[in-house]
Amino acid sequence: MSTIQNPNEIAAATRRQRALARINRNIAESLKLNRRQFLCGSLATVALAALGLSGCAPKSPTADTGAAAFTPGTYEAVGAGRNGEIRVRVTFAADRIESIEADHMESRNIGDAAVRLLTENYLDTQALSVDTVTGATLTSMAFATAVAECAEQAGGDMRALMKGADSVNAAEPIDEECDVCVIGSGGAALAAAVTAAEAGKRVVMLEKMDIYGGNTNAGEGTLNAPDPERQEPLGIEDSPDFYYTQTFEGGDSAGDPALVRILADNALDAVHWMEDHGLVYEKEVFTAIGGLWQRGHAVEVETKGEQGGSYYVSCLMEAAQATGNFTLHTDAKAEELMVEGGAVVGVRGTRPSSGEPVEVRAKAVVLATGGYARNAELAKQYDKRVTDTMPSSNVCSSTGDGLALAEAAGAGLRNMELVQIHPLGDPQNGGVATFVGNWLGVEDYVMVNDDANRFGRADERRDTIADAILEQPNDEMWLLVDSTNIKDDRLEEIADLVAKGHSFQADTIEDLAGQIGVDAATLADTIEGYNACVAAGADTQITPGKELLGDAVSDPTFYASKRIPTIHYTMGGVCISPEAQALTAAGDPIPGLFAAGEVTGGVQGANRLGGNSYTDLIVFGRIAGASAPRDRLPPSVAGRFGPCGRREGRGGALFR
């Protein structure tokens with residue numbers, strides 16, 4: 001299996017290789033010098049011995065102090081992380097690394113976890129042999145390189161420091177028993193774990209990477225839900241029925257009606273449940289790109305620009321650990337579901353870092369391993385739009401491992417050919433959040449191609465916009481916003497985005513056109529025409545016209561960001577019932593096996609609405625966590641299954 005590599009990841013690996021090559025050259029040169037010094041010293045010793053003065057010969061420092069000899073002091077170096085510079089300060093005593101400090105803007109639960117794990121490892125082992133924390137490669141390589149450069153400045157024996165274990169974990173065998181074993185550690189996995197653990201069940205979670213949180217950590221965190229308390233003051237009409245209709249029809253009616261019904265009926269309760277577990281949403285809802293309606297709940301973050309998804313992970317992990325019924329094992333890859341008498345009774349696998357075995361026997365297993373948006377072979381196999389150069393917005397763990405596990409246990413798969421290509425991919429990193437205006441609604445967006453002409457609605461479905469971009473020159477577009485709805489608390493974030501080349505800014509449309517390389521007169525005419533449509537209340541500039549019209553693009557500063565299609569989500573996966581129980585292709589429940597989140601199929605249909613992923617994670621994660629311990633169908637939603645779980649009747653609200 002080959003994993004999709006984004007441009008910034010390739011660049012980071014190249015930087016690391018060059019740094020190591022330079023260090024190795026220095027080591028080789030040092031060895032040559034040491035050999036020459038040894039030969040000269042030996043000849044001098046012979047001469048001095050002849051004079052009876054050998055006791056006055058200088059001693060070699062490395063002979064006495066060994067590999068850990070440093071010139072005491074504090075040294076600094078800088079590495080290029082995912083989100084910017086990582087400034088490292090390392091203090092050395094003569095015989096050890098005393099402290100490591102780092103200033104950085106790396107992502108919550110991903111980059112900051114890598115820095116913490118590596119710092120602990122370096123101080124504990126007094127070696128620098130580990131350079132990668134799985135799940136946070138960009139940050140860990142940059143941090144490791146900077147620390148190594150500090151050690152080199154301090155005169156350390158780099159050859160000796162680079163020897164040793166190559167993993168942050170002391171990976172021992174795992175042999176446990178529990179009520180519920182959860183595979184994965186993202187939003188759906190944690191929602192299931194918290195629900196089961198709070199009900200008094202013993203939960204063991206297995207995560208293959210060194211850090212937990214999965215793709216949930218990297219997402220914006222927008223959760224769609226009809227919410228009268230937030231919508232009515234804004235004059236927005238909404239309901240679970242309307243949400244159901246938009247989700248089902250927005251997925252080309254390819255989803256399971258019962259699953260979509262449950263999603264819609266339980267969405268608001270998912271908001272309240274997350275709030276009960278410490279998550280804070282912003283007071284006003286907005287329309288996410290491809291969301292179709294103003295019902296997106298954005299997370300209130302500490303620092304503007306942070307990924308809201310990481311807050312779900314932090315809140316739910318804290319809640320799980322607070323129960324006293326929860327154990328997390330990272331560096332623990334599930335490779336086989338244990339099946340006895342047709343029922344799933346546990347998990348077998350391996351600790352990737354050591355090869356030690358993993359075996360967890362459980363009354364039920366919840367599969368929440370995410371999608372396959374980083375698996376190049378699968379993505380290209382199922383969607384012919386995917387190319388070798390198309391990036392992915394997902395973290396590197398999104399490789400579809402759970403699909404093979406489920407199939408081997410008899411589960412059916414559905415909608416596997418349905419891959420979501422997000423229209424707002426960043427050419428640098430494949431992500432969908434690094435641009436000025438990411439926090440705004442689509443009503444504030446204007447999309448133009450390299451000819452400076454509008455080509456489509458910004459309030460369309462994601463797949464429709466992405467397909468339209470792939471028909472434009474160079475398969476790219478420019479997303480424009482002005483400053484009308486940008487508050488001062490975003491200015492620092494904006495300056496950083498512009499400095500890193502994610503966005504461009506100018507005081508006039510003509511100047512902005514020059515910066516992004518499009519015809520100034522054409523862009524000015526396009527914006528003038530768009531503003532006239534806003535004033536008239538109807539978009540006649542393109543067909544079909546934009547329906548969600550915001551303000552005119554007339555308030556400097558103006559911003560433009562190049563966007564390209566990026567692999568974002570996979571709608572296909574394991575067949576499940578409304579109780580999140582895995583089903584065979586014929587629709588028969590598999591005892592002991594449940595699934596939730598992106599590893600499943602049937603919830604999103606052929607196209608996921610923007611903001612529906614987190615709704616899915618929490619709603620069906622909770623259902624899996626409630627259903628798994630009892631392994632039976634709740635009477636309130638019991639019904640007749642057809643092939644691959646398509647069920648007659650309504651879903652209903654499960655947690656009221």
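The basis for the numbers below is simple: all heavy atoms, side chains too, and nothing from hydrogens, waters or symmetry mates.
Without hydrogens or angle criteria, Gln472 side chain to Ala468 main chain gives a donor-acceptor distance under 3.5 Å. Without hydrogens or angle criteria, Thr399 side chain to Arg374 main chain gives no donor-acceptor distance under 3.5 Å. Counting only distance, with no hydrogens or angles, the side chain of Gln541 and the backbone of Thr526 share a donor-acceptor pair below 3.5 Å. Of the possible polar contacts, one joining the Thr570 side chain to the Tyr372 backbone as a donor-acceptor pair under 3.5 Å is found. Not a single donor-acceptor pair under 3.5 Å links the side chain of Asp482 to the backbone N or O of Pro556. Formation of a donor-acceptor pair under 3.5 Å by the Gln294 side chain with backbone atoms of Val285 is found in this model. Panel note: side chain Thr387, backbone Met390; a donor-acceptor pair is recorded below 3.5 Å. No donor-acceptor pair under 3.5 Å is formed between the side chain of Asn415 and the backbone N or O of Gly572. Although no hydrogens or angles enter the test, the distance criterion places no donor-acceptor pair under 3.5 Å between the side chain of Ser397 and the main chain of Gly214. A donor-acceptor pair under 3.5 Å links the side-chain atoms of Arg385 to the main chain of Val419, judged by distance alone.
A centroid separation of less than 6.0 Å is found between the aromatic rings of Tyr312 and Tyr614. Residues Tyr243 and Trp293 keep their aromatic ring centres 6.0 Å or farther apart.
Val553 has its side chain out of reach of Val481: every pair of non-hydrogen atoms, C-beta onward, lies at least 4.5 Å apart. When side chains are defined from C-beta on, Phe558 does not count as touching Asp511, because their heavy atoms never get closer than 4.5 Å. The shortest distance between side-chain heavy atoms of Tyr445 and Leu440 falls below 4.5 Å. Leu223 places a side-chain heavy atom less than 4.5 Å from the side chain of Val271. By the 4.5 Å heavy-atom criterion applied to side chains, Asp519 and Leu523 are not counted as neighbours. Residues Ile86 and Asp103 fail the side-chain proximity criterion, which asks for heavy atoms closer than 4.5 Å. In this structure, the side chains of Arg87 and His104 stay at 4.5 Å or more apart for every pair of heavy atoms. Side-chain contact between Glu493 and Trp439 is present, with heavy atoms from C-beta onward closer than 4.5 Å.
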Inset, instruction - Please step through side-chain contact (heavy atoms from CB on, under 4.5 Å) for the pair Asp616 and Leu263, ending with a clear verdict. - result: CA-CA 6 Å; Asp616 179 14; Leu263 181 83; 4.1 Å; yes
Inset, instruction - Starting from the C-alpha separation in whole Å, work towards a yes-or-no answer on side chain to side chain donor-acceptor pair (under 3.5 Å) for Asn607 and Gln420. - result: CA-CA 7 Å; Asn607 170 67; Gln420 182 168 86; 3.3 Å; yes
Inset, instruction - Might you work through the side chain to side chain donor-acceptor pair (under 3.5 Å) test for Tyr311 and Glu306, ending with a clear yes or no? - result: CA-CA 9 Å; Tyr311 286 75; Glu306 282 187 304; 2.4 Å; yes
Inset, instruction - Just do the salt bridge (charged side-chain N to carboxylate O under 4.0 Å, His left out) check on Asp388 and Lys380 with the steps written out, would you? - result: CA-CA 8 Å; Asp388 291 332; Lys380 287 191 290 186; 2.3 Å; yes
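A donor-acceptor contact under 3.5 angstrom links the side chains of Tyr530 and Lys546, judged on distance only. For the residue pair Ser239 / Asp241, no side-chain donor-acceptor distance below 3.5 Å is found, with atom types taken as modelled. At a cut-off of 3.5 Å, with distance as the only test, no side-chain donor of His297 or Asn224 sits close to an acceptor on the other residue. No hydrogens or angles considered: nothing links the side chains of Arg295 and Gln231 as a donor-acceptor pair under 3.5 Å. There is no side-chain donor-acceptor pair under 3.5 Å between Asn109 and Ser310. Under 3.5 Å, the side chains of Thr522 and Asp451 contain no donor-acceptor pair of N or O atoms. Side-chain atoms of Gln505 and Thr557 form no donor-acceptor pair, as typed in the model, at a separation below 3.5 Å. Using a 3.5 Å distance cut-off with no hydrogens or angles, the side chains of His422 and Thr566 do not pair a donor with an acceptor.
Between Asp539 and Arg454 there is a salt bridge, since at least one side-chain N of the basic residue sits less than 4.0 Å from a carboxylate O of the acidic one. Ion pairing of Lys487 with Asp489 is absent here, as no side-chain N (NZ or NE/NH1/NH2) approaches a carboxylate O to less than 4.0 Å. Between Arg490 and Asp496 there is no salt bridge, since no side-chain nitrogen of the basic residue lies less than 4.0 Å from a carboxylate oxygen of the acidic one. Taking a cutoff of 4.0 Å between a charged side-chain nitrogen and a carboxylate oxygen, Arg108 and Asp112 do not qualify as a salt bridge. Between Lys562 and Asp426 there is no salt bridge, since no side-chain nitrogen of the basic residue lies less than 4.0 Å from a carboxylate oxygen of the acidic one.
Counting heavy-atom neighbours within 6.0 Å of Met416 CE, excluding the residue itself, gives a total above 12. The environment of CD in Glu510 is crowded: more than 12 heavy-atom neighbours from other residues, nucleotides or ligands sit within 6.0 Å.
Just one residue in the list Glu284, Glu282, Glu275 forms a salt bridge (Lys or Arg N to Asp or Glu O under 4.0 Å) with Arg230, and that residue is Glu275.
Distance check, rounded to the nearest 0.5 Å: CG of Asp459 to OG1 of Thr287 gives 8.5 Å. Taking OG from Ser554 and CG from Asn531, the interatomic distance works out to 5.5 Å, rounded to the nearest 0.5 Å. Taken to the nearest 0.5 Å, the CD1 atom of Ile542 stands 7.0 Å off from the CE atom of Met447. The distance from atom CG of Asn394 to atom CD of Glu598, rounded to the nearest 0.5 Å, is 6.0 Å. To the nearest 0.5 Å, atoms CG (Leu424) and CD1 (Ile465) are separated by 7.0 Å. Interatomic distance, Thr222 OG1 to Tyr281 OH, rounded to the nearest 0.5 Å: 9.5 Å.
Counting all heavy atoms, side chain and backbone alike, Ser140 lies closest to Thr137 at OG-O, 3.1 Å. Shown here for Ser185 and Gly213, the closest heavy-atom pair between the two residues is OG-N, 2.9 Å. Across every non-hydrogen atom of Ala552 and Thr484, the tightest pair is O-OG1, 3.9 Å. The shortest non-hydrogen separation linking Ser561 to Ser503 is OG-OG, 2.7 Å. Listed here is the closest heavy atom pair of Ala142 and Ala80: CB-O, 3.3 Å. A pairwise comparison of heavy atoms in Gly79 and Ala146 identifies N-CB, 4.0 Å as the closest pair.
The aromatic rings of Phe504 and Trp478 lie perpendicular to each other, with more than 60° between the two planes, well past the 30° mark. By the 30° and 60° cut-offs, the orientation of the rings of Tyr244 relative to Phe248 is parallel.
The salt bridge (charged side-chain N to carboxylate O under 4.0 Å, His left out) test applied to Asp252 returns Arg461, not counting sequence neighbours.
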